[in-house]
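Basis for what follows: all heavy atoms, side chains included, without hydrogens, waters or symmetry-related copies.
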Amino acid sequence: MDYLSLIKSPIHEELNDFVTLFNRSLKHENGLLSRVLEHIRQRGGKRMRPMLTLLMAKNFGIVSEETQYAAVGLELLHTASLVHDDVVDESNKRRGQASVNALFDNKVSVLVGDYILSTALLSVSYTHSELIVRYLSELGRTLSDGEILQLSNIDNTQISEEAYYEIIKKKTAVLFEMCAVIGAVSAGASDDEVVAARQFGQDLGIIFQIRDDIFDYYEETEVGKPTGNDMLEGKLTLPVIYALQSTGDEAMLALAHKVKQQEVNAAEIASLVAFTKAHGGIEYAEQQMAKRHAACMQFIDERVGDAAIKTALTAYLDYVIARKS
């Protein structure tokens, strides 16, 4: 199924306007900065988060100039966070292409990330909405908090679902949450509607991250990501957490602690991956996605009146679960 076409259908023109405005914000006359920004513009991506902002605005009213500047600010903040994350993670790839720090260096990456972050604040200021500016500022703080929490959790000997969800809510789900909230706010949604949009965005973001985490248990040729990559970085995700807690297997728990200490080898990671699959970790993670899928569908059924937007948001939700990368 062509999910992306269904998602874009009711916001086709508005999405084109967004892309134009976003690309314009990432242009500069300075030679080095110009080259780096051009590289970032070319990466593009599917625009999943801006599409959510536009769809939510159109659901509760219209996609206004305020919506567009807010959507650009959100995407710029997300982009800046990715540039900085690649430095922190020492990553050489981003969306299948060379990362900024791989092409240039860490100094350039940090400074360009700062430039993009400042541009995000400038863009959102054009909304002339104190509330939207506040939401974007809070989002930036939460994303940073999530990254620091994830780093500190590697040293935490406790292995729990609670810690896992706390991290992914702050690292991933909050971005979807704010896209939904700011889209609704820009269209004049009521307080009750904004609360509902917030929960929809959070559930959607949690689904997105759980799906991403499941990829780590399959071959790179299947999902475009090395098997066990999260474990190699000291991260334990929902499938293995469930398998460990449901079995209490001491040998596997010992391996899990080696993962957190980043002292694990490829054979041990392969053993943990196999253990997770054999003890229902993938199925459990899929069940957790299904629960949130049901909650999101309830929002769509109760809060979305336009048939095209209902179809688009349903396709969005289904795509997040069905995607392969």
Side-chain angles (χ1 to χ4, degrees), residues 81-96 98-102 105-107 109-110 113 142-174 206 208-282 284-285 288 325:
S81 72
L82 295 181
V83 172
H84 284 157
D85 286 354
D86 286 339
V87 174
V88 173
D89 297 337
E90 299 179 350
S91 175
N92 293 323
K93 292 282 187 180
R94 172 65 63 181
R95 291 173 181 160
S99 60
V100 173
N101 51 304
D105 58 36
N106 285 343
K107 290 181 181 179
S109 295
V110 170
T142 303
L143 289 172
S144 298
D145 184 20
E147 287 291 340
I148 294 168
L149 183 63
Q150 179 169 271
L151 285 174
S152 63
N153 188 60
I154 290 173
D155 297 326
N156 185 355
T157 58
Q158 297 297 315
I159 298 171
S160 70
E161 281 192 38
E162 290 77 14
Y164 168 80
Y165 279 116
E166 185 181 5
I167 290 167
I168 69 169
K169 283 179 181 178
K170 290 182 175 182
K171 275 187 84 271
T172 303
V174 69
I206 291 173
F208 186 95
Q209 187 59 55
I210 293 176
R211 168 55 68 200
D212 213 47
D213 291 340
I214 290 173
F215 291 154
D216 204 47
Y217 297 83
Y218 293 92
E219 293 298 326
E220 183 174 10
T221 53
E222 297 177 59
V223 299
K225 169 183 173 181
T227 306
N229 191 60
D230 288 334
M231 292 187 193
L232 194 62
E233 294 176 355
K235 303 170 190 172
L236 296 174
T237 54
L238 187 60
V240 71
I241 291 171
Y242 169 79
L244 291 167
Q245 292 186 331
S246 64
T247 64
D249 188 302
E250 291 187 6
M252 290 298 122
L253 277 169
L255 276 187
H257 285 296
K258 288 186 72 175
V259 167
K260 291 175 75 68
Q261 294 160 8
Q262 294 182 277
E263 297 174 352
V264 71
N265 60 42
E268 289 168 332
I269 288 176
S271 178
L272 263 178
V273 167
F275 165 79
T276 299
K277 290 180 175 179
H279 291 86
I282 304 301
Y284 178 76
Q288 300 312 301
S325 63

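- Legend: salt bridge (Lys or Arg N to Asp or Glu O under 4.0 Å) pairs involving residues 243-258, not counting sequence neighbours, sorted by first then second residue: Lys258-Glu268.
- Remark: the backbone N or O of Asp230 is paired with a side-chain donor or acceptor of Asp216 at under 3.5 angstrom.
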Worksheet item: Is there a side chain to side chain contact (heavy atoms under 4.5 Å, CB included) between Phe215 and Thr237 once you walk through the steps?
Response: CA-CA 11 Å; Phe215 291 154; Thr237 54; over 6 Å; no

Show me the donor-acceptor pairs, under 3.5 Å and distance only, between side chains in residues 271-278 and residues at least two apart or in other chains.
{"residue": "Thr276", "atom": "OG1", "partner": "Leu272", "partner atom": "O", "Å": "2.8"}
{"residue": "Lys277", "atom": "NZ", "partner": "Tyr217", "partner atom": "O", "Å": "2.8"}

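- Contact record, His257 with Ile159: CE1-CD1, 4.0 Å, taken as the closest heavy-atom pair.
- Summarising the geometry of Asn153 relative to Lys260, their closest heavy-atom pair is O-NZ, 2.7 Å, with the distance given to 0.1 Å.
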Worksheet item: Yes or no on side chain to side chain donor-acceptor pair (under 3.5 Å) for Tyr284 and Gln245, after CA distance, side-chain angles and deciding distance?
Response: CA-CA 12 Å; Tyr284 178 76; Gln245 292 186 331; over 6 Å; no

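- When all heavy atoms of Ile210 and Ala285 are compared, the closest pair comes out as CG2-O, 3.7 Å.
- Take Lys171 and apply the salt bridge (Lys or Arg N to Asp or Glu O under 4.0 Å) test, not counting sequence neighbours, and it matches Glu147.
- Counting only heavy atoms from C-beta outward, the side chains of Met231 and Val240 approach each other to under 4.5 Å.
- Distance check: Asn101 CG to His84 NE2 gives 10.5 Å after rounding to the nearest 0.5 Å.
- Remark: Leu253 CG to Leu244 CG distance equals 5.0 Å, nearest 0.5 Å.
- Here CG of Leu149 is found 11.5 Å from CD1 of Ile168. Values are rounded to the nearest 0.5 Å.
- In this structure, Ile167 and Gly146 approach most closely via the heavy-atom pair CG2-O, 4.4 Å.
- Contact between Leu236 and Tyr164 at its shortest, heavy atoms only, is O-CD1, 4.2 Å.
- Within the 4.5 Å cutoff, the side chain of Tyr165 has heavy atoms near those of the Leu238 side chain.
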Discussion item. Run Met252 and Thr247 through side chain to side chain contact (heavy atoms under 4.5 Å, CB included) and show every step you take.
Written reply: CA-CA 9 Å; Met252 290 298 122; Thr247 64; 6.0 Å; no

